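Reading through the structure tokens given below for one structure.
Every value quoted in this text rests on a predicted model; they were computed, and no experiment measured them. Here is how names work: the chains are called A, B, and so on, in the same order as the sequence lines, proteins then strands, and each is numbered from 1.
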Number of protein chains: 2
Amino acid sequence: MTTMTSPPATASAAPAASSAASSGSSAASLPAAGTQPPEAVEARVRILDNAARLILDKGFAATSMRDIASAVGIKAGSLYHHFASKEEIFTAILERGIDVMVTAFESVENDDRAGAFDGATSAEALLRAHVRAHLGSLFEFGPYTAAHVTTFHNAPDSVHEIIVPRRDSYEAMWAALFDRLQAQGSLRVDHLSIARLVLFGGMNSTIEWFDPAGPLSLDDLADTIVSQFWHAGGHA
Amino acid sequence: MTTMTSPPATASAAPAASSAASSGSSAASLPAAGTQPPEAVEARVRILDNAARLILDKGFAATSMRDIASAVGIKAGSLYHHFASKEEIFTAILERGIDVMVTAFESVENDDRAGAFDGATSAEALLRAHVRAHLGSLFEFGPYTAAHVTTFHNAPDSVHEIIVPRRDSYEAMWAALFDRLQAQGSLRVDHLSIARLVLFGGMNSTIEWFDPAGPLSLDDLADTIVSQFWHAGGHA
DNA sequence: GTCTATACCTAGATAGAC
DNA sequence: GTCTATCTAGGTATAGAC
């Protein structure tokens, strides 16, 4: 029944397992929660929250350090006590956007391993849970994933080099999921990766038009998208 | 058999029916081809072609007037002989991106009215032709539509105000198509507009991952997308 | 950790010669 | 129609006081 563990509403503490300090090229192995002075961590997060919101709205290049500082309530120069450059802020935001998605995906995988999707319609239910989790990343955990989706394409090359490998590993999770569904016969499509990428594009496009405060819930939206993908609607 | 009239390969002359001079707020009614001195028109197009490519690659804010001028082979100041501002260039690009899509859509509509989609599988064939036409707008008529799709979200408000009505009218064409398919029973989905928007998002996402020079043709891609949408692939 | 002050640069845009 | 030269504003980033 429980398709997802319910994570904190603010992105600040969302990827509790994997992020914490993912700024530059420092420790890639996950640091314990108390490794950084707690005050410093909170300042970083406050900056990232505000910066991600601005970057989602206006794009990276159009968002100035003064804009970010003003949103946080400090002066532009003070930002450089927490981040070495504007690009480092941007990179941290894009990374966190991925962390949110990965955490959501893994949460569904854990439910799956716990047997949450046994039964006749298990494959469709599993896919629905993953779609719901991805939509949750876009709408329920701050502007990080949404900012990632809308601004990655135009990010500078130096940022791409850092982000692409992480993106790829999230994509690989979905590719493995699709492989598994296809292998067990639950899914039968001609071009598996195209089906996956088109579904992905459809999901990500929701940030352009879906209003989570509207009549349709995110559960409903996930239902609709997966039903369409799974059963389709064409007749003659 | 002819699903689309084959338009010129370069976007320069693509929307022959509707654009020509769509820069500022001048004549909205279509001017004859000879209204503008032909030299002036070509200079504008050369600027727009290069600017659209740069804006597709780097985004609007990250593309400078000096970048554009350098790509064209002139100096930045000279651009202001053809356009009043950077925003006017951007607006013209986004408008042309829509014109390309509208022209492609109308071309399919004309084929339809000429009886090109009669027969048993007419509805699916019609949808496939429209999907193919939209993909053609993204990949075959210069960077205008692709630039539109990737940069519209972060465009400044002043640009949004001009572009949104035109976007809406293109969307209305698709909405009417879906209404018609649903009304005649060829399409049976619960949430018609969501099905349309998700399909749209899937199509537009192709610019992020599809390589038209690869093994799969745009015809193949349209087939795959529509087959998935129409017949789906879920089994238990 | 935040401030002020500022260095340095690049941006969009204009003026006037050619 | 394009050029050079230039104006002004705003950008990122740094230095050092508090």
Less than 4.0 Å between a side-chain N and a carboxylate O, is that true for A:E106 and A:R113? no
Is there a donor-acceptor pair under 3.5 Å between the side chain of A:H160 and the backbone N or O of A:F152? yes
Hey, is the side chain of B:Y80 poking within less than 4.0 Å of OP1 or OP2 on C:dA13, counting only N and O atoms? yes
Are OP1 or OP2 of D:dC3 and a side-chain N or O of B:S78 less than 4.0 angstrom apart? yes
Round to a whole Å and report the spacing from CZ of B:R44 to P of D:dG1. 12 Å
Please give, in whole Å, the distance from C:dA13 P to B:H82 NE2? 15 Å
Within this structure, what is the NZ-to-C1' distance between A:K75 and C:dT6, rounded to whole angstrom? 15 Å
Specify the separation, in whole Å, of atom CG of A:L79 and atom P of D:dT14. 13 Å
Under 4.0 angstrom between A:R66 side-chain N/O and D:dG10 OP1 or OP2: no
Sub-3.5 Å donor-acceptor pair from the side chain of A:H130 to the main-chain atoms of A:L177, do we have one? no
Between A:D67 and B:G73, just flag the one whose closest nucleotide in DNA chain D comes earlier from the 5' side. B:G73
Atom pair distance, as rounded to whole Å: CZ in A:F60 and C1' in D:dT12: 10 Å
Kindly say if B:K86 contacts the phosphate of C:dG12, meaning a side-chain N or O under 4.0 Å from OP1 or OP2. yes
Between atom CD1 in B:I68 and atom P in C:dG12, what is the gap in whole Å? 8 Å
A:S64 has a side chain; which of D:dG11, C:dT2, D:dG1 sits nearest to it? D:dG11
Does OP1 or OP2 of D:dT14 have a side-chain N or O of A:H81 closer than 4.0 Å? no
Mind calculating the distance between CZ (A:F90) and P (D:dG11) to the nearest angstrom? 17 Å
Rounded to whole Å, how long is the line connecting atom CE of B:M65 with atom P of D:dC3? 14 Å
Ion pair A:R132/A:E140, N-O distance below 4.0 Å: yes
Given the options B:D57, B:D49, B:I55, B:R53 meets side chain to side chain contact (heavy atoms under 4.5 Å, CB included) only with B:D57
